[in-house]
Amino acid sequence: MNYKKSWNDENGKSEIITQANSTLDMLEVDMLRLQAGEVKNYSEKGKEYGLLILGGKCTVQGDGFVFDTIGKRKNVFDGPATCVYIPCNRKFSITGIEDLRMAVCKSPATAEFAPALVNPEDVIIKDLGKTGWERQAHFILDERIRANLIYIGEAYVASGNWASYPPHKHDDDNMPIEGVLEEIYYYEFDKPQGFGIQKVYTKEGDIDETYTVKTGDFVEIPKGYHPFCCAPGYNNYYLWIMAGTNRGFYMTTEECHKWLNK
């Protein structure tokens with residue numbers, strides 16, 4: 001199974017990861033690029049949404065809510081994100097205002113919570129890791145927003161550093177230590193030729209994949225360990241989209257690498 005997919009940054013709506021083309025049960029992703037005045041409507045039932053603005057501005061409105069002219073950054077390297085949570089069974093539209101680039105993240109849902117806007121100043125920023133695997137994590141649509149499954153953040157990885165390291169996984173129901181969470185990574189780099197290496201592998205050995213990733217690429221992570229490395233000379237951004245009933249960082253480190261956390 002090829003877990004890697006790509007977006008060519010084309011205008012309009014691109015269905016990148018769907019129930020039909022992926023191994024995932026709890027996550028789907030569309031990518032939007034809208035010019036000023038362009039509109040996309042959504043009315044899919046039984047799904048909740050996290051609308052993560054990569055860059056540009058838009059208005060999001062639906063039954064009983066309007067988030068007008070939102071989005072403060074020009075691109076993913078221009079500060080923290082703006083994100084909108086849309087509950088299930090709620091029709092809504094997205095109207096471009098300034099060259100909008102957006103990830104439309106979806107998960108199955110039954111409980112209907114309140115729509116919510118996460119502004120850049122609401123994003124929780126933490127510096128994680130040690131020398132060689134330092135990264136900045138942004139917690140966006142997290143436990144502060146009531147939702148069924150969806151959980152979203154971003155990471156920034158400097159030249160030559162690893163992330164999701166030491167290797168960890170979240171595919172066993174062993175709460176409160178580890179929870180079952182599917183995940184997707186979406187990558188961008190600060191230069192067009194920038195790249196990184198993403199691994200996905202399991203302790204059982206049924207998955208052992210290694211991908212070269214560039215701007216516009218995705219890797220889905222149905223289970224297993226998933227360390228990432230940014231090539232020296234380039235800086236990386238990745239969007240992490242998780243889904244599970246235990247929303248949060250409930251994960252275990254690969255046994256042979258636990259000593260690195262001491």
Query - Arg247 (side chain) donor-acceptor with Leu181 (main chain) under 3.5 angstrom - result: no

Query raised in the report: Quick one: do Ile207 and Ile197 end up in the same hydrophobic cluster if we chain Ile, Leu, Val, Met, Phe, Trp and Tyr together by side-chain heavy atoms under 4.5 Å apart?
Result: no

Query raised in the report: Is there a path of hydrophobic side-chain contacts, each under 4.5 Å between heavy atoms of I, L, V, M, F, W or Y residues, that connects Tyr187 with Trp7?
Result: no

Query raised in the report: Does the pair Arg146/Glu112 count as a salt bridge with the N-to-O cut at 4.0 Å?
Result: no

Requested in this report: To the nearest 0.5 angstrom, please state how far the CG atom of Asp99 sits from the CD atom of Glu38.
Outcome: 9.5 Å

Query raised in the report: So Ile70 and Leu117, side chain to side chain contact (heavy atoms under 4.5 Å, CB included) or not? Walk me through it.
Result: CA-CA 9 Å; Ile70 57 172; Leu117 173 64; 4.0 Å; yes

**Report entry** Joint hydrophobic cluster, Ile17 plus Leu52, side-chain heavy atoms closer than 4.5 Å
**Finding:** yes

Report task. Output every pair passing ring-ring contact (aromatic ring centres under 6.0 Å, His included) with a member in residues 97-150, not counting sequence neighbours, ordered by first then second residue. Result -> Trp133-Tyr165, His138-Tyr156, Phe139-Trp240, Phe139-Phe249

**Report entry** Carboxylate-amine/guanidinium contact Glu254 Lys169, below 4.0 Å
**Finding:** no

Query - Carboxylate-amine/guanidinium proximity below 4.0 Å for Glu44 and Lys91 - result: no

Query - Arg73/Glu154 ion pair, N-O < 4.0 Å - result: yes

Query - Asp9/Arg101 under salt bridge (Lys or Arg N to Asp or Glu O under 4.0 Å): CA gap, chis, key distance, verdict - result: CA-CA 8 Å; Asp9 206 15; Arg101 298 173 74 248; 3.1 Å; yes

**Report entry** N/O donor-acceptor pair under 3.5 Å between Tyr3 side chain and Ile184 backbone
**Finding:** no

**Report entry** Pairwise side-chain contact, Pro192 with Thr215, heavy-atom cut-off 4.5 Å (strictly under)
**Finding:** no

Query - Ion pair check, Asp206 and Lys223, cut-off under 4.0 Å - result: yes

Query raised in the report: Less than 6.0 Å separating the ring centroids of Tyr186 and Phe218?
Result: yes

Query - Side-chain donor or acceptor of Glu220 paired with backbone N/O of Thr23 under 3.5 Å - result: yes

**Report entry** For Tyr238, ring-ring contact (aromatic ring centres under 6.0 Å, His included) partners two or more places apart
**Finding:** Tyr185, Phe228

Query raised in the report: What's the spacing between Lys126 NZ and Ile124 CD1 if we round to 0.5 Å?
Result: 6.5 Å

Requested in this report: State, yes or no, whether a side-chain contact exists between Ile152 and Ile241 at a heavy-atom distance under 4.5 Å.
Outcome: yes

Requested in this report: May I ask whether Trp259 and Trp162 are part of the same hydrophobic cluster, defined by side-chain heavy atoms of I, L, V, M, F, W, Y residues being less than 4.5 angstrom apart, directly or through others?
Outcome: yes

Requested in this report: Say whether, by atom type as modelled, one donor and one acceptor occur between the side chain of Gln198 and the main chain of Pro227 under 3.5 angstrom.
Outcome: yes

Query raised in the report: Would Tyr237 end up clustered with Val29 when hydrophobic side chains under 4.5 Å apart are linked, directly or stepwise?
Result: yes

Report task. Using atom types as modelled and distance alone, determine if a side-chain donor or acceptor of Glu15 lies under 3.5 Å from a backbone N or O of Asp30. Result -> no

**Report entry** Sidechain-backbone polar pair: Glu134 side chain, Asp127 backbone, donor-acceptor under 3.5 Å
**Finding:** no

Query raised in the report: Is the closest side-chain donor-acceptor distance between Lys199 and Thr210 under 3.5 Å?
Result: yes

Query - Donor-acceptor pair, side chain of Lys57 and main chain of Gly71, under 3.5 angstrom - result: yes

Query raised in the report: So, Arg33 side chain and Leu100 main chain: donor-acceptor pair closer than 3.5 Å or not?
Result: no

**Report entry** Pair Glu183, His170: side-chain N/O donor-acceptor within cut-off below 3.5 Å
**Finding:** yes

Query raised in the report: Out of curiosity, Tyr42 OH to Lys106 NZ, how far, rounded to the nearest 0.5 Å?
Result: 5.0 Å

Query raised in the report: Would Asp142 and Ile140 satisfy side chain to side chain contact (heavy atoms under 4.5 Å, CB included), going step by step from the backbone distance to the final call?
Result: CA-CA 6 Å; Asp142 59 9; Ile140 304 169; over 6 Å; no

Report task. Compute the centroid of each ring, for His168 and then for His257, and state whether the two points are separated by less than 6.0 Å. Result -> no

Requested in this report: Say whether Glu178 and Thr252, considering side chains only, have a donor N or O and an acceptor N or O under 3.5 Å apart.
Outcome: yes

**Report entry** Atom pair CD/CD1 of Glu182 and Ile150 - distance to nearest 0.5 Å
**Finding:** 11.5 Å

Query raised in the report: Is the backbone N or O of Ile16 less than 3.5 Å from a side-chain atom of Ser14, with the two atoms forming a donor-acceptor pair by type?
Result: no

Query raised in the report: Does Cys58 reach the side chain of Ile53, with side-chain heavy atoms less than 4.5 Å apart?
Result: yes

Query raised in the report: So, do Val104 and Lys40 sit near enough that their side-chain heavy atoms are less than 4.5 Å apart?
Result: no

**Report entry** Intermediate values then yes/no, side-chain hydrogen bond (donor to acceptor under 3.5 Å, both in side chains), Tyr85 and Glu48
**Finding:** CA-CA 8 Å; Tyr85 172 75; Glu48 63 185 358; 2.5 Å; yes

Query raised in the report: Between Thr253 and Asn261, do the side chains contain an N or O donor and an N or O acceptor separated by less than 3.5 Å?
Result: yes

Query raised in the report: Would Glu28 and Lys47 count as a salt bridge (Lys or Arg N to Asp or Glu O under 4.0 Å) if you check the C-alpha gap in whole Å, the side-chain angles of each, and the deciding distance to 0.1 Å?
Result: CA-CA 10 Å; Glu28 297 178 282; Lys47 297 178 184 179; 2.9 Å; yes

**Report entry** Backbone N/O of Gly205 and side chain of Asp208: donor-acceptor pair under 3.5 Å
**Finding:** no

Query - Smallest separation among heavy atoms of Ala158 and Cys230, with atom names - result: O-CB, 4.0 Å

Requested in this report: Go through the steps for Val60 and Ser93 under the test side chain to side chain contact (heavy atoms under 4.5 Å, CB included), then give the verdict.
Outcome: CA-CA 6 Å; Val60 178; Ser93 65; over 6 Å; no

Query raised in the report: Counting only heavy atoms not in Lys130, do more than 12 fall under 6.0 Å of its NZ?
Result: yes

Query raised in the report: Would the number of heavy atoms belonging to other residues, nucleotides or ligands and lying under 6.0 Å from NZ of Lys13 be above 12?
Result: yes

**Report entry** Reported OH-to-CG distance for the pair Tyr250 and Asn174, which is rounded to 0.5 angstrom
**Finding:** 13.0 Å

Query raised in the report: Are the side chains of Asn161 and Cys229 in touch, meaning some heavy atoms are under 4.5 Å apart?
Result: no

Requested in this report: Check the pair Tyr234, Asp190 against side chain to side chain contact (heavy atoms under 4.5 Å, CB included), reporting the backbone distance first and the verdict last.
Outcome: CA-CA 6 Å; Tyr234 306 101; Asp190 63 343; 3.9 Å; yes

**Report entry** Under 3.5 Å side-chain donor-acceptor pair for Thr59 and Asp68
**Finding:** yes

Query raised in the report: Side-chain contact, heavy-atom cut-off 4.5 Å: Asn236 with Phe195?
Result: no

Requested in this report: Indicate yes or no: at least one non-hydrogen side-chain atom of Met251 is less than 4.5 angstrom from one of Ile177.
Outcome: no

Query raised in the report: Just wondering, do Met102 and Ile94 contact through their side chains at under 4.5 Å, heavy atoms?
Result: yes

Requested in this report: Say whether Asp217 and Ser6, considering side chains only, have a donor N or O and an acceptor N or O under 3.5 Å apart.
Outcome: yes

Report task. Carefully, step by step, assess Glu143 and Tyr151 under the rule side-chain hydrogen bond (donor to acceptor under 3.5 Å, both in side chains). Result -> CA-CA 8 Å; Glu143 298 94 334; Tyr151 192 83; 3.0 Å; yes

